[in-house]
Amino acid sequence: MKFKFSEVARYAEENPSSIREIMGIVTEYRKHPEKFPRKLIYLGGGWPQDPPPAGLRETAVELLSNVDSFNTSARYGTTRGEPEVFQAIIEYEKRLLGRSIDEDYLIFGLGSSDLIGAFMLACLDKGSEVILTSPGYLNYRRQLEIEGLLSFSIKYWPILEESRFRPDVEKLKELITDKTRMIIITTPGNPDGQVYDDETLNAVSNIAEDHGIWLMVDVAYRFFLFTDYPKYFSRPVRDHEIWVCTFSKELRIPGWRAAYAVANPELIKMVNNIQQGRVLCPSRLVEEILARYLSREETYKELKEFYAEGVKKYKRAAEFSEQLLKEIPGIKTLTPRGGFYVFFDITAYSNDSKKTCRELLDQWQVALAPGVDFALDGWIRLSYAPTVEDLNVVKEGVERMKKYFESLKK
Ligand SMILES: Cc1ncc(COP(=O)(O)O)c(C=O)c1O
């Protein structure tokens with residue numbers, strides 16, 4: 001064809017994530033379930049299946065049924081976010097986490113993916129180096145490739161040792177050069193479900209500060225914590241830190257695309273300039289609904305219960321799933337401390353997580369996510385998020401996995 005695609009588009013096409021290939025088969029299953037011998041058990045994606053809080057729906061209905069507020073919500077908003085949504089977020093942070101935030105420190109976005117991309121553009125130049133964790137959330141890499149037109153280099157900080165969560169800050173220091181501009185960490189982690197303690201997170205932050213490096217902390221799963229709350233969730237944000245907070249998981253609204261970041265006002269201003277050329281503004285309708293919902297007194301009673309129930313439900317699913325996985329001989333699990341996932345070591349059977357996931361899907365119709373996508377092969381991620389309302393699904397899935405692994409031994 002005489003019309004050319006960009007280098008980055010060709011790269012993305014030629015280097016799909018393994019999950020994308022697996023999703024292709026899942027889509028095929030959804031279209032033609034009759035072609036497959038068993039019902040698909042989907043333990044692949046990190047999507048909450050339980051509904052958002054009822055009060056949020058009621059607020060949306062109320063807003064949409066008022067002509068004036070409906071009309072206002074259809075207009076463009078300001079790029080950084082509406083002042084009402086900032087006031088509501090300030091209240092939300094104060095009431096639920098005890099953190100005080102100034103409005104100047106906030107920017108609202110179309111999900112955290114949007115904001116993460118914008119911060120990358122504000123903080124990185126061609127040739128900049130970024131340190132991600134191994135394992136770590138797969139989309140950071142893809143976003144770095146796209147936003148940097150393949151010009152950023154990525155280094156990995158191994159945070160597991162002997163199949164345990166042992167982030168060693170000395171090893172992190174060894175990766176730093178004068179080109180390092182950003183470190184990204186996730187707590188609770190995806191795919192590992194681990195939670196940094198205060199000492200380690202603050203040590204990482206000090207190292208970043210000493211070297212003039214931005215530290216991005218992604219707390220997508222902060223309201224799914226199965227241990228005590230580390231203090232960093234409530235402490236003020238330091239000048240070189242970017243805290244990315246999404247409503248996708250905590251309010252169960254991933255399809256609404258709503259998130260905010262907390263960072264120093266100068267950086268926020270820079271990101272705002274970039275967003276003017278990128279998205280113009282977040283979804284005004286979503287902002288209006290959240291602003292109303294999060295500024296109501298009764299919301300906080302509802303949310304406290306909703307989050308406490310959520311933790312119970314997700315913790316139960318985490319424990320149940322991990323226990324079942326442990327019953328498969330040779331499988332080593334990382335005990336989830338929060339989030340949606342059990343990450344487990346399959347090296348007793350194979351070092352090839354992509355092949356194992358392909359075979360589990362082809363032969364047993366169980367969909368999982370291969371560790372290779374999360375920068376750690378020989379491991380697999382099981383998401384219990386789709387099964388929190390019905391643990392029989394995960395039970396059936398792991399029973400099939402057990403049969404598959406038994407068949408490998410023979
Ligand atoms: C760690 C982490 N960060 C960010 C995201 C993306 O979230 P959002 O819906 O806010 O773009 C996800 C989604 O799974 C995630 O797991």
Side-chain angles (χ1 to χ4, degrees), residues 17-20 22-23 42-50 52 81 85 89 92 106-120 130 132-144 146-147 157 159 165 182-196 201 215-225 233 242-262 271 275 278-279 282-283 286-287 290 310 314 318 334 336-343 367-371 373-376 381-386 388:
S17 65
S18 309
I19 290 186
R20 201 166 96 195
I22 287 171
M23 283 308 289
Y42 188 70
L43 307 171
W47 306 307
Q49 298 287 315
D50 48 342
V85 88
I89 290 167
Y92 178 70
L106 290 169
I107 185 162
F108 198 81
L110 291 161
S112 60
S113 306
D114 167 36
L115 291 171
I116 291 169
F119 276 93
M120 286 172 177
V130 178
L132 304 179
T133 58
S134 160
Y137 175 51
L138 78 166
N139 222 29
Y140 304 139
R141 181 186 182 100
R142 188 40 51 102
Q143 286 196 275
L144 286 165
I146 293 173
E147 305 288 358
W157 175 34
I159 51 171
F165 182 59
M182 186 181 273
I183 299 170
I184 309 182
I185 59 174
T186 317
T187 181
N190 174 6
D192 47 84
Q194 304 303 296
V195 175
Y196 288 81
L201 189 130
L215 173 66
M216 185 181 281
V217 188
D218 182 342
V219 292
Y221 302 94
R222 64 183 167 176
F223 285 109
F224 300 86
L225 221 81
F233 286 109
I242 303 154
W243 288 72
V244 187
C245 314
T246 178
F247 287 117
S248 289
K249 320 279 175 175
E250 59 203 44
L251 286 180
R252 324 294 199 263
I253 51 168
W256 279 17
R257 315 310 297 132
Y260 60 95
V262 194
V271 176
Q275 290 293 66
R278 236 174 143 241
V279 295
S283 161
V286 170
E287 280 182 282
L290 287 172
Y314 281 75
L334 270 179
R337 309 287 176 203
F340 289 2
Y341 315 102
V342 192
F343 200 46
L368 297 154
D373 277 2
F374 302 95
L376 191 62
R381 185 190 81 173
L382 177 152
S383 170
Y384 44 80
V388 287

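Counting starts at 1 for both ligands and their atoms, in listed order.
Residues Phe108 and Leu290 are in side-chain contact: their nearest non-hydrogen atoms beyond the backbone lie under 4.5 Å apart.
A donor-acceptor contact under 3.5 angstrom links the side chains of Glu250 and Tyr92, judged on distance only.
By the 30° and 60° cut-offs, the orientation of the rings of Tyr260 relative to Phe247 is tilted.
By the side chain to side chain contact (heavy atoms under 4.5 Å, CB included) test, Pro135 pairs with Ile159, Leu160, Pro191, Asp192, Phe343, Phe374, Leu376, sequence neighbours left out.
Remark: the backbone N or O of Gly46 is paired with a side-chain donor or acceptor of Lys249 at under 3.5 angstrom. For the pair Asp373 (side chain) and Ser18 (backbone), a donor-acceptor distance under 3.5 Å is present.
Listed as neighbours of ligand 1 are Gly111, Ser112, Ser113, Tyr137, Tyr140, Thr186, Asn190, Asp218, Ala220, Tyr221, Thr246, Ser248, Lys249, Arg257, each bearing a heavy atom under 4.0 Å from the ligand.
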